Amino acid sequence: MSENKPDIPPEPKLIRPQPNNKISLPVEWPYRLLGNTLILGIILFLASVAITLKTDLINKKLLSLQDSFYALTSKLGFTVDDVIVDGRKETSAADILQSTGITRNSNIIRLNLPEIKKQLERLPWIKSAVVRRSYYPHTIHISLKEHEVKSLWQINETFHPIDEDGNVINAPYTPDKPLLLIVGAGAPENINTLFKEIGENNEISKRIKVASYISNRRWNLILDDIEHGITIKLPEKDVAAAWKKLTKLNAAKNILKRKLTNIDLRLKGKVIIKLEKSGKQAPKKLKNAKESKI
């Protein structure tokens with residue numbers, strides 16, 4: 001007797017679709033992305049316009065309220081009674097009032113003190129300013145620090161005051177005391193370097209009346225008298241060493257008290273001294289303080 005075996009279904013066959021049976025749908029996502037981006041951009045633009053308009057309206061309202069507040073406080077007497085200025089010597093009162101815009105009717109609360117300080121420091125004589133306000137009495141206090149004139153610079157037959165930092169002060173100035181005269185292009189920028197090398201408070205430096213910057217590279221110094229003093233010709237380099245040599249020579253021989261016209265320190269290791277000719281007047285050293293071309 002034969003056993004009944006279960007029927008095993010045949011293994012299915014995979015039917016590979018032919019290339020011509022494939023159906024491709026159109027690719028739409030790039031267009032959707034572009035459209036969505038455009039719509040989002042329009043929404044953001046409209047929102048920014050709305051916010052700007054709203055903010056502008058708010059600002060106008062705030063400015064209107066601010067103006068009303070200042071008008072009310074002015075009526076209540078919050079106006080400037082006085083302006084007190086300390087440290088003013090060369091700057092005129094008219095220039096101060098014009099630069100700050102302060103009048104007796106100015107609202108003391110409304111004044112912008114940092115802006116007033118900035119305007120004051122633009123004036124040629126003012127190096128720094130401190131501005132404060134006080135109430136009862138309503139007063140603006142201004143403390144000024146003006147540039148200190150250390151020398152006069154002659155260039156192209158005109159004279160300019162020079163401050164302690166070597167800066168040109170672009171303002172008219174009439175000296176009330178003897179000042180060092182510096183001559184030549186580039187002299188203001190280099191005068192402090194010169195005195196750092198030779199010293200400012202030693203015996204010889206205090207006798208310098210004229211410092212002439214020659215060809216924008218070295219100095220000629222005139223001692224004691226602009227027209228008949230001793231001319232010291234400094235080298236282009238190693239100025240400190242040359243000056244030290246001069247001070248040692250003067251300490252040993254006291255040469256700066258003799259009748260000399262020139263001391264030439266330009267050659268390393270040498271000092272060339274030119275004596276004043278006896279019976280004749282020494283030639284003028286700096287006629288009209290013009291720059292020498294040596």
Side-chain angles (χ1 to χ4, degrees), residues 148-157 159-168 175-294:
E148 180 183 354
V149 179
K150 297 288 287 185
S151 59
L152 283 179
W153 176 42
Q154 181 183 348
I155 187 73
N156 298 327
E157 305 298 330
F159 295 86
H160 306 276
I162 304 299
D163 73 0
E164 63 275 17
D165 298 320
N167 299 315
V168 179
D176 56 0
K177 61 181 179 180
L179 291 170
L180 171 69
L181 178 64
I182 61 176
V183 183
E189 302 95 310
N190 293 280
I191 189 64
N192 284 345
T193 301
L194 169 67
F195 279 105
K196 284 180 181 178
E197 293 183 284
I198 69 174
E200 191 169 2
N201 296 315
N202 58 65
E203 179 185 351
I204 303 176
S205 297
K206 291 178 180 179
R207 295 169 60 182
I208 299 173
K209 301 300 179 184
V210 180
S212 182
Y213 201 43
I214 309 300
S215 302
N216 209 12
R217 60 186 179 85
R218 67 169 198 86
W219 293 92
N220 278 356
L221 308 178
I222 298 180
L223 306 184
D224 303 328
D225 185 85
I226 290 179
E227 294 184 348
H228 305 296
I230 301 172
T231 297
I232 300 173
K233 297 181 178 181
L234 294 176
E236 184 175 352
K237 298 179 180 179
D238 298 326
V239 174
W243 191 260
K244 186 177 181 180
K245 180 169 56 180
L246 174 64
T247 56
K248 285 185 176 181
L249 182 61
N250 185 57
K253 303 293 184 180
N254 207 13
I255 61 171
L256 293 178
K257 286 189 177 181
R258 299 183 183 182
K259 293 183 178 181
L260 309 178
T261 58
N262 287 282
I263 299 176
D264 195 338
L265 302 172
R266 290 177 294 175
L267 298 178
K268 190 173 182 180
K270 293 184 179 181
V271 178
I272 301 174
I273 298 175
K274 186 176 181 181
L275 298 175
E276 180 181 326
K277 294 182 180 179
S278 60
K280 294 184 180 180
Q281 184 180 4
K284 293 183 179 181
K285 300 302 175 188
L286 197 65
K287 188 177 181 180
N288 294 328
K290 290 183 179 178
E291 178 185 357
S292 171
K293 296 298 182 183
I294 298 174

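We number each residue from 1, following the sequence as shown. Please read these numbers as outputs of a predicted model, since none were measured by experiment.
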**Prompt:** What pairs with D264 under salt bridge (Lys or Arg N to Asp or Glu O under 4.0 Å), at least two apart in sequence or on another chain?
**Reply:** R266
**Message:** Going by the rule side-chain contact (heavy atoms from CB on, under 4.5 Å), which residues pair with N167 if we only count those two or more places apart in sequence or in a different chain?
**Reply:** D163, D165
**Message:** side chain to side chain contact (heavy atoms under 4.5 Å, CB included), that's the test. Do I191 and W219 meet it? Break it down for me.
**Reply:** CA-CA 9 Å; I191 189 64; W219 293 92; 3.9 Å; yes
**Prompt:** Atom CG of L179 and atom CZ of F159: how far apart are they, to the nearest 0.5 Å?
**Reply:** 11.5 Å
**Prompt:** Can any side-chain N or O of D225 pair as donor or acceptor with the backbone N or O of H228 at less than 3.5 Å?
**Reply:** yes
**Item:** Residues in salt bridge (Lys or Arg N to Asp or Glu O under 4.0 Å) contact with E164, at least two apart in sequence or another chain
**Value:** K127
**Request:** List in chain and number order the residues that pass salt bridge (Lys or Arg N to Asp or Glu O under 4.0 Å) with R258, two or more places apart in sequence or in another chain; answer none if no residue qualifies.
**Result:** none
**Prompt:** Are any side-chain N or O atoms of R218 and backbone N or O atoms of L234, one a donor and one an acceptor, separated by less than 3.5 Å?
**Reply:** yes
**Asked** Run the side chain to side chain contact (heavy atoms under 4.5 Å, CB included) check on T231 and I263 step by step: do they pass?
**Response** CA-CA 6 Å; T231 297; I263 299 176; over 6 Å; no
**Message:** Applying side chain to side chain donor-acceptor pair (under 3.5 Å) as the test, list every pair that has at least one member in residues 189-204; sequence neighbours left out.
**Reply:** N202-S205
**Complete:** Here the gap from L260 atom CG to L275 atom CG, rounded to the nearest 0.5 Å, amounts to 6.0 Å
**Complete:** Of all heavy-atom pairs linking L221 and A211, the shortest is CD2-CB, 3.7 Å
**Message:** Please identify which of these residues, K206, K209, R207, meets the salt bridge (charged side-chain N to carboxylate O under 4.0 Å, His left out) condition with D224.
**Reply:** R207
**Message:** Is any side-chain heavy atom of I208 closer than 4.5 Å to one of I222?
**Reply:** no
Without placing hydrogens or testing angles, list every side-chain donor-acceptor pair under 3.5 Å for residues 243-255, not counting sequence neighbours.
from: W243; atom 1: NE1; to: I198; atom 2: O; distance (Å): 3.2
from: K245; atom 1: NZ; to: K270; atom 2: O; distance (Å): 3.4
from: T247; atom 1: OG1; to: W243; atom 2: O; distance (Å): 3.3
from: T247; atom 1: OG1; to: K244; atom 2: O; distance (Å): 2.7
from: N250; atom 1: OD1; to: I255; atom 2: N; distance (Å): 3.3
from: N250; atom 1: OD1; to: L256; atom 2: N; distance (Å): 3.0

**Asked** Which residues satisfy the side-chain contact (heavy atoms from CB on, under 4.5 Å) test with N156, sequence neighbours excluded?
**Response** none
**Prompt:** For P188, which residues count as a side-chain contact (heavy atoms from CB on, under 4.5 Å) partner, sequence neighbours excluded?
**Reply:** W153, I162, V168, I182
**Asked** Does K274 offer a backbone N or O that forms a donor-acceptor pair with the side chain of T261 under 3.5 Å?
**Response** yes
